[in-house]
Engineer: 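First, the structure itself, so that you have it in front of you.
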Amino acid sequence: MSGDGEPGGPAWTVLAPAGDRFEFVDLDAEGTETARATLTAAELPALVATRVRTRWVWADAAHAYGRMLVAGARVARAWDLRLCRRILRSAVDPDGHGALGPYDAWDGEAAPAQDEGLFPLQTGHAPRTDEAVVELRRQLAALGGAPDRGRLRMLLHGESAGALVSEEMHAAGLPWDAAVHGRILTEQLGPRPAGGGVPARMAELAEEVRAALGDPSAILDSPPKLLRALRRAGLPVASTSKWELREYEHPVIEPLLTYKRLARLLTANGWAWLDEWVQGGRFRPVYVPGGVVTGRWASSGGGALQIPKLLRPAVRPDAGWVIVDADAAQLEPRVLAGMSRDLALAAAARGRDLYAGVVASGAVATREEAKYAMLGAMYGGTKGDSGRLVPRLRRAYPTAMAVVDGAAAEGERGGTVRTWLGRTSPAPDAAWLALSSDAGAEGAPPALRDLARRAAGDRGRFTRNFVVQGTAAEWALCWLAGIRSRLHAMGEATGPRAERSGPVFAARPHLVFFLHDEVMVHTPAEHADAVIAAVQDAAAEAGRLLFGTFPVDFPLDVDIIGTARAD
DNA sequence: TCTGCCGGCGCG
DNA sequence: AAAGCGCGCCGGCAGA
């Protein structure tokens, strides 16, 4: 293979699984093919090992990289064609060069893993890697014509690195102690009922609720029926949400709220969840990088992004290992300071507590006010304390507020907005545009105008939040990618191995969890300090990558979860 | 019996 | 104390 002649390997290797083998095409930096071959899974690790600088290209990491990891091959860099196309489609002016063309098949969802038709564009005579090579060249050409290609390239690299991390975390799994989880369930619900009946504690609470309502046949699991039962008992509630119930003084409230909490625990993360999602001491959720329009990750199955705090004690490292748990404090307002270049907000963000900094600046009186005002600024709060406090923030931080206010105004007009690195918000759909134009027509009925005004407001709050949430997601991608490369550079450890984490990660620190602004790293205990340093370094680097020398801090809260945790 | 919508609630 | 943004998942329910 001629590509092996270059130090660190070829610039690009386009790879696709083909049955139980893998076919690949090497390209040089100019995109010219230099080699191609087909390999068995067993041959992959040796190939990857010689290519430390190669960027691996595939249609979809979930399809290609997941199999590589099982085969024991980990790559350093990647280009995920499907994720990159989604960003480039809206980032590149479609009327400009038309560089991406109408190949909508690349914009769709990932193909099911067992689907041989992963490349929907395959014409029947071309090898599937050739389709990917064509798409890669198309994307690079589009990127070359993009206005702010430096940032956009960083976003595409970050997005693709995120896809690597998501596959690696799925392969390694989050260490999950089913016995601790079971103990929590038993404490809360009572013993597991045989045959899937109602747990004892819930049955007791249901009886208390029925007694307090004076209604022995009241049904608690159906909101409409529960609502009627509450009203019959004299409670003038409009819904059965706990937010509203909380406001009433009545003997039914406390047992009912407890019942609802336990019902939620049982259905969302009860014994059935444990049976389905935890095997061999690992929880392996399916992450969906870029699954949210803002660029945040989504998840599919297992509710990985909704693990209740109550169950956090079930996260436990293997013997001889620890879990480093780090989250970025007040990430979104800090990102807003960076992207707006607002020096006053950046000054308030100096140090650990941004809200304390806002109070110290005199903008508001208390930390709680600072928190709600900031929430209102980023989400578009209009009512209550939040709406009342936002104008004070506008006076104290006009530069930062101009960014979110401007994004809201653009959204209300029907325009699109962009994150700091260049992810574009979706355009309004046909129904929104139709409503907007109908309501703007001469003689439109007031009710229609109200509807349109509300839709405009909704969209303004969406675009307002899009720029902040999306840029925070970009910071997090840079953070993740930086942690990943630093952990790999640390090398393998001696001592006990985490065999359940798979061949690539059994002896080295590795990421096991990511949730918007939080990461967990499972590491041999001897490396814990080095991991903390890596996570801190990566956070500082993420800030520099996005905002250069602009002085905004990104402090982390870091915890170590040990084997012998006392909870 | 299946499918899609909705209320409700967990997470950030 | 606010209820403004973004998700996924569950059970119930109405309509096919």
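As a basis for the values below, the full set of heavy atoms in this structure was taken, side chains included, without hydrogen atoms, waters or symmetry mates. Below, chains carry the letters A, B, ... as their sequence lines are ordered, and counting in each starts from 1.
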Engineer: Looking only at side-chain atoms of A:Thr366, point me to the closest of C:dA2, C:dG4, C:dA1.
Structural biologist: C:dA1
Engineer: Report yes if some heavy atom in the side chain of A:Val390 is under 4.5 Å from a heavy atom in the side chain of A:Arg394; otherwise report no.
Structural biologist: yes
Engineer: Between C:dG6, C:dG11, B:dG8, which nucleotide gets closest to the side-chain atoms of A:Lys260?
Structural biologist: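 Out of C:dG6, C:dG11, B:dG8, the nucleotide with an atom closest to A:Lys260's side chain is B:dG8.
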Engineer: Please check the phosphate of B:dG12 (OP1 and OP2 only) for any side-chain N or O of A:Lys309 closer than 4.0 Å.
Structural biologist: yes
Engineer: Does the ring of A:Trp176 carry A:Arg282 above it, NZ/CZ under 6.0 angstrom from centre and within 45° of its axis?
Structural biologist: no
Engineer: Picking from C:dG12, B:dC9, C:dG4, which would you name as closest to the side chain of A:Arg461?
Structural biologist: C:dG4
Engineer: Roughly, in whole Å, what's the span from CD in A:Gln469 to C1' in C:dG6?
Structural biologist: 4 Å
Engineer: Measure from CG on A:Leu226 to C1' on B:dG8 and round the result to the nearest Å.
Structural biologist: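 Nearest whole value for this atom pair: 11 Å.
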Engineer: A:Trp297 near the nucleic acid: base, sugar-phosphate alone, or nothing, with a heavy-atom cut-off under 4.0 Å?
Structural biologist: nothing
Engineer: Would you say B:dG8 has OP1 or OP2 under 4.0 Å from some side-chain N or O of A:Lys242?
Structural biologist: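 Answer is no, no contact under 4.0 Å.
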Engineer: Please check if the distance between the ring centroids of A:Trp420 and A:Phe547 is under 6.0 Å.
Structural biologist: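 Yes, ring centres under 6.0 Å apart.
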Engineer: Mind checking whether A:His516 and A:Trp297 have ring centres under 6.0 Å apart?
Structural biologist: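 No: the rings miss the under 6.0 Å criterion.
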Engineer: Can you find a side chain N or O atom of A:Lys371 that sits less than 4.0 Å from OP1 or OP2 on C:dA2?
Structural biologist: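 No, A:Lys371 has no side-chain N/O under 4.0 Å of OP1/OP2 on C:dA2.
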Engineer: For A:Arg423, is there an ion pair with A:Glu159 - N to carboxylate O distance below 4.0 angstrom?
Structural biologist: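 Looking at A:Glu159 and A:Arg423, the cut-off is met.
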Engineer: Check A:Glu518 with A:Arg312, please: is the shortest side-chain N to carboxylate O separation under 4.0 Å?
Structural biologist: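 Result for this pair is yes, salt bridge flagged.
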Engineer: Please tell me if A:Arg264 has a side-chain N or O lying less than 4.0 Å from either OP1 or OP2 of B:dC9.
Structural biologist: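 Checking A:Arg264 against B:dC9: no side-chain N or O falls below 4.0 Å of OP1 or OP2.
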Engineer: Listing time: all N or O pairs from protein to nucleotides 13-16 of chain C that are below 3.5 Å?
Structural biologist:
residue	atom	partner	partner atom	Å
C:dC13	OP1	A:Ser222	OG	2.4

Engineer: Has A:Lys371 got more than 12 heavy atoms of other residues, nucleotides or ligands less than 6.0 Å from its NZ?
Structural biologist: no
Engineer: When the nearest nucleotide of DNA chain C is assigned to A:Glu247 and to A:Ser299 on a heavy-atom basis, which residue is associated with the more 5' position?
Structural biologist: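 Looking at DNA chain C, the more 5' nearest nucleotide goes with A:Glu247.
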Engineer: To the side chain of A:Gln306, which of B:dC11, B:dG8, C:dG11 is closest?
Structural biologist: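 Of the options given, the side chain of A:Gln306 lies nearest B:dC11.
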Engineer: Using only modelled atom types and a 3.5 angstrom limit, is any donor from either the side chain of A:Arg296 or the base of C:dC7 paired with an acceptor on the other?
Structural biologist: no
Engineer: Give one of base, sugar-phosphate or nothing for A:Val293, where a contact means two heavy atoms less than 4.0 Å apart.
Structural biologist: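 Touches sugar-phosphate only.
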Engineer: For B:dG7, does the glycosidic angle fall within 90° of 0 (syn) or outside that (anti)?
Structural biologist: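 Chi for B:dG7 falls in the anti range.
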Engineer: Please give, in whole Å, the distance from B:dC9 P to A:Arg261 CZ?
Structural biologist: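 My rounded result for the distance is 13 Å.
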Engineer: Rounding to a whole Å, what distance do you find between A:Arg464:CZ and C:dG4:P?
Structural biologist: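 In whole Å, C:dG4 P and A:Arg464 CZ are 14 Å from each other.
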Engineer: C:dC10 P sits how many Å from A:Asn269 CG, rounded?
Structural biologist: 9 Å
Engineer: Considering only NZ, NE, NH1 and NH2 on the basic side and carboxylate oxygens on the acidic side, decide whether A:Arg486 and A:Glu541 come within less than 4.0 Å.
Structural biologist: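 Judged by the 4.0 Å cut-off on N to carboxylate O distance, A:Arg486 and A:Glu541 do form a salt bridge.
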Engineer: Under 4.5 Å between any side-chain heavy atoms of A:Thr399 and A:Arg341, yes or no?
Structural biologist: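 They are not in side-chain contact.
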Engineer: Dot-bracket for DNA chain C, please. Rules: Watson-Crick or G-U, both distances under 3.5 Å, ( ) within the strand, [ ] when a pair crosses earlier ones, | for another strand, . otherwise.
Structural biologist: ....||||||||||||
Engineer: Can you check the A:Asp557 CG to B:dG12 P distance for me, whole Å?
Structural biologist: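 Atom-to-atom, A:Asp557 to B:dG12, this comes out as 13 Å.
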Engineer: Could you tell me whether A:Gly291 contacts a base, only the sugar-phosphate backbone, or nothing, with contacts defined as non-hydrogen atoms closer than 4.0 Å?
Structural biologist: nothing
Engineer: Without decimals, in angstroms, what is the distance between A:Trp273 CH2 and B:dG10 P?
Structural biologist: 16 Å
Engineer: Which one, C:dA3, C:dG6, B:dC11, comes nearest to the side chain of A:Leu515?
Structural biologist: B:dC11
Engineer: Looking at A:Asp557 and A:Arg352, is there a salt bridge between them, counting it only when a charged N and a carboxylate O are closer than 4.0 Å?
Structural biologist: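 Answer for the salt bridge query: yes.
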Engineer: Calculate the interatomic distance between A:Trp277 atom CH2 and C:dC9 atom C1'; express it in whole Å.
Structural biologist: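 It is 11 Å, rounded to the nearest whole Å.
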Engineer: Could you check A:Tyr372 against A:Phe462 and say which one's nearest nucleotide on DNA chain C is further toward the 5' end?
Structural biologist: A:Tyr372
Engineer: Counting only side-chain heavy atoms from C-beta out, which of B:dC9, C:dG6, C:dC7 sits nearest to A:Ala298?
Structural biologist: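 The listed nucleotide nearest to A:Ala298's side chain is C:dC7.
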Engineer: A:Leu331 near the nucleic acid: base, sugar-phosphate alone, or nothing, with a heavy-atom cut-off under 4.0 Å?
Structural biologist: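 No contact.
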Engineer: Look at the side chain of A:Thr240 and decide which nucleotide, out of C:dA1, C:dC5, B:dG8, has an atom nearest to it.
Structural biologist: B:dG8
Engineer: Taking atom types as modelled, is there a side-chain donor on A:Glu168 or A:Tyr65 under 3.5 Å from an acceptor on the other?
Structural biologist: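 Indeed, the side chains of A:Glu168 and A:Tyr65 share at least one donor-acceptor pair under 3.5 Å.
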